**Q** 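Below you will find the structure I want to go over with you.
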Amino acid sequence: ELKVEQNPLFLSMQEGKNYTIYCNYSTTSDRLYWYRQDPGKSLESLFVLLSNGAVKQEGRLMASLDTKARLSTLHITAAVHDLSATYFCAGDSNFGNEKLTFGTGTRLTIIP
Amino acid sequence: DAMVIQNPRYQVTQFGKPVTLSCSQTLNHNVMYWYQQKSSQAPKLLFHYYDKDFNNEADTPDNFQSRRPNTSFCFLDIRSPGLGDAAMYLCATSRSRTYNEQFFGPGTRLTVL
C-alpha cells in the first residue's frame, strides 16, 4: 500500500525567501501530483510529474520528481504572500489504479 | 469552460435527516470521485466510479451511498447524518486510469445540527 509523507507540516517563511517542501512515498509510484488548497476552498491542480527526472515550473513554484529516491520536491522561490496556502502531494497507488494517495499537506504561511 | 460543478455549496441538515449532494462535470471524464475533508486534514476518498463500475473504500461507512446515473452526474447520499459527518465534501474527476490528474469541484460544506 502506497504511503505518502510530506514535511514540514507547517511552514512560516518571510517574503522573498526560498524554501522546499518534501514529499516522500513508500512504494513505486509512476506519477506524482501537487495540489494547492486555499482556506475554505477546493483543491487546485498545480503540477503533474510523470517520469523520473521530471521538472515543472510555474511562476515561483518548481516541482521535481526522483523516482529512484521516491522523492518529490516543491521549491518556492522568492516567496510572496499570495502563495500562502496548503500544498498537498499525491501519488498513484500503482500504475493503472485510478486512486490517489494524498500526503498530509503542508500549510504554508508567507509573512510580509 | 469545462468544469466540475457541485450543488449546493453549503448544506445545513439536522441530525439523522437524509441529505443528497450533487456533482456534475462537463469534462466528459470516465472517473468520478467523492472525498470527505475535515479541517486541517487531507481529503479522504469515500468511493469512486470508473464509468459505471462502483468502487467503495473499505472504511467508508454504510451511511454513505452514491449514484451515477450517467457520465455527467454523480450523487452522494448521506442516509442519516451524524455530527461527525460535518465536513467539506469534494467531487473530483479524472480522464482515465492511465492519466490520473484529478480535477476538483468547489466542494459542498455540510453542517449537521
Side-chain angles (χ1 to χ4, degrees), chain A residues 1-11 21 23-25 28-51 54 56 58 63 65 72 85-109, chain B residues 1-7 9-10 21 23 25 27 29-60 87-111:
Chain A
E1 180 185 347
L2 176 66
K3 294 189 190 309
V4 180
E5 292 185 354
Q6 279 181 248
N7 65 85
L9 297 183
F10 300 94
L11 176 58
I21 299 171
C23 177
N24 293 90
Y25 52 94
T28 301
S29 179
D30 291 305
R31 295 159 296 202
L32 203 291
Y33 307 81
W34 284 95
Y35 289 87
R36 169 182 172 146
Q37 187 174 36
D38 292 309
K41 305 291 186 182
S42 187
L43 277 74
E44 173 191 357
S45 179
L46 290 176
F47 299 110
V48 179
L49 303 168
L50 298 177
S51 60
K56 292 201 173 175
E58 180 72 34
L65 178 62
S72 180
T86 298
Y87 293 86
F88 290 98
C89 64
D92 283 335
S93 297
N94 52 60
F95 186 76
N97 184 320
E98 61 271 15
K99 298 196 295 186
L100 293 181
T101 298
F102 282 87
T104 49
T106 296
R107 183 177 292 183
L108 174 64
T109 303
Chain B
D1 287 341
M3 54 196 309
V4 182
I5 301 163
Q6 290 187 244
N7 285 299
R9 296 290 308 278
Y10 301 90
L21 310 181
C23 177
Q25 54 131 340
L27 296 162
H29 282 174
N30 290 320
V31 195
M32 295 187 77
Y33 309 79
W34 279 106
Y35 290 88
Q36 178 192 67
Q37 188 179 28
K38 297 187 176 180
S39 182
S40 301
Q41 296 183 17
K44 177 181 181 299
L45 182 64
L46 297 173
F47 24 59
H48 73 283
Y49 280 91
Y50 186 89
D51 288 334
K52 295 182 180 180
D53 294 334
F54 177 69
N55 298 270
N56 196 28
E57 293 301 297
D59 58 354
T60 298
M88 175 78 91
Y89 289 88
L90 298 168
C91 174
T93 71
S94 70
R95 190 194 311 167
S96 69
R97 285 191 173 106
T98 55
Y99 193 79
N100 200 10
E101 182 184 14
Q102 295 186 14
F103 296 88
F104 286 79
T108 295
R109 172 76 63 186
L110 177 67
T111 300

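These numbers come from the heavy atoms of this one structure, side chains and all, not from hydrogens, waters or symmetry mates. This is a predicted model, so every value here is computed, not measured. So you know, we letter chains A, B, ... as the sequences are listed, proteins then strands, and number each from 1.
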**Q** Say you draw a straight line from CG of Leu43(A) to OH of Tyr35(B); how long is it, rounded to the nearest 0.5 Å?
**A** 9.0 Å

**Q** Would one find more than 12 heavy atoms of other residues, nucleotides or ligands at under 6.0 Å from atom NZ of Lys38(B)?
**A** yes

**Q** Using non-hydrogen atoms and a 4.5 Å limit, figure out which bit of Pro106(B) sits close to chain A: side chain, backbone, both or neither.
**A** backbone

**Q** Name the member of Ser39(B), Gly105(B), Ser94(B) that forms the most heavy-atom pairs with chain A at distances under 4.5 Å.
**A** Gly105(B)

**Q** Can you name the nearest heavy-atom pair linking Phe88(A) to Ala42(B), along with the distance?
**A** CE2-CA, 3.5 Å

**Q** How long is the straight-line distance from OH of Tyr35(A) back to CZ of Phe104(B), given to the nearest 0.5 Å?
**A** 5.0 Å

**Q** With sequence neighbours left out, what residues match Glu57(B) under salt bridge (Lys or Arg N to Asp or Glu O under 4.0 Å)?
**A** Lys99(A)

**Q** Just jot down the side-chain contact (heavy atoms from CB on, under 4.5 Å) partners of Asp51(B), sequence neighbours excluded, or say none.
**A** Asn30(B)

**Q** Please classify the contact of Leu9(A) with chain B as side chain, backbone, both or neither, using a heavy-atom distance under 4.5 Å.
**A** neither

**Q** Indicate the atoms forming the closest heavy-atom contact of Met88(B) with Lys41(A), along with that distance.
**A** CE-O, 4.4 Å

**Q** Please find the pair of heavy atoms, one from Arg109(B) and one from Gly40(A), that lie closest to each other, and give the distance.
**A** NH2-CA, 4.2 Å

**Q** Under 4.5 Å from any heavy atom of chain B, what part of Glu44(A) do you find: side chain, backbone, both or neither?
**A** neither

**Q** CD/Glu101(B) to CG/Leu49(A) distance, rounded to the nearest 0.5 angstrom?
**A** 10.5 Å

**Q** Tell me if a side-chain donor or acceptor on Ser42(A) pairs with a main-chain N or O of Gly107(B) at a distance below 3.5 Å.
**A** no

